[in-house]
Amino acid sequence: MRKYLFGTGLITAVTGGLTLLRGLREKEPFTWRQVLAWVSWGISVALVVGAIVDLRRAARGEEVAKDSPVHGNEREIRKDRLKRRLEG
């Protein structure tokens with residue numbers, strides 16, 4: 001679970017969200033650029049969560065969607081998980 005929480009994608013999404021929240025504190029008007037930034041941040045978070053779900057499914061030996069970057073590597077991911085489980 002630690003590798004998912006401290007992955008670079010999730011850390012990047014969280015820091016991006018903090019930056020956007022900091023921008024809301026200032027007394028500037030809410031513009032269309034800020035709307036696009038929030039939409040972009042939401043998409044980034046959705047992609048990170050999707051990647052985590054796909055990695056977890058692959059590690060458990062479950063089927064992963066064909067459009068996932070993990071698709072085709074399920075065996076290797078499963079082997080790595082079993083190897084780590086036997087070592088630790």
Side-chain angles (χ1 to χ4, degrees):
M1 191 62 156
R2 208 174 324 149
K3 71 178 181 177
Y4 303 124
L5 291 178
F6 297 114
T8 57
L10 189 59
I11 291 173
T12 302
V14 168
T15 56
L18 292 174
T19 302
L20 288 172
L21 284 173
R22 199 173 304 129
L24 285 178
R25 283 185 180 171
E26 298 171 6
K27 302 281 182 174
E28 295 180 23
F30 198 71
T31 64
W32 63 273
R33 288 183 181 100
Q34 288 178 336
V35 172
L36 289 178
W38 279 103
V39 169
S40 173
W41 177 79
I43 291 170
S44 297
V45 170
L47 288 172
V48 168
V49 169
I52 291 170
V53 168
D54 286 347
L55 279 172
R56 196 168 167 106
R57 283 183 182 162
R60 289 182 174 180
E62 298 174 13
E63 188 174 334
V64 178
K66 291 182 181 180
D67 65 343
S68 172
V70 177
H71 182 71
N73 299 327
E74 293 96 336
R75 271 192 190 153
E76 291 84 16
I77 294 170
R78 178 75 175 157
K79 283 180 187 178
D80 288 343
R81 181 179 184 204
L82 291 174
K83 182 180 173 183
R84 277 186 274 134
R85 183 176 271 178
L86 291 174
E87 290 174 354

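Along the sequence shown, residues are numbered consecutively beginning with 1.
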Next on the checklist: Using the side-chain contact (heavy atoms from CB on, under 4.5 Å) criterion, which residues pair with Ile43? Sequence neighbours excluded.
Outcome noted: Val39, Leu47
Side-chain donor/acceptor pairs under 3.5 Å, residues 48-55, sequence neighbours excluded:
residue	atom	partner	partner atom	Å
Asp54	OD2	Ser68	OG	2.8

Checklist entry - Can you list every pair that meets ring-ring contact (aromatic ring centres under 6.0 Å, His included) and has a residue in residues 18-39, with sequence neighbours left out? => result Trp38-Trp41
Could you tabulate the donor-acceptor pairs under 3.5 Å formed by side-chain atoms of residues 10-25, not counting sequence neighbours?
residue	atom	partner	partner atom	Å
Thr12	OG1	Thr8	O	2.7
Thr15	OG1	Ile11	O	3.1
Thr15	OG1	Thr12	O	3.0
Thr19	OG1	Thr15	O	2.9

Checklist entry - What pairs meet the ring-ring contact (aromatic ring centres under 6.0 Å, His included) rule with one or both residues in residues 46-67, with sequence neighbours excluded? => result none
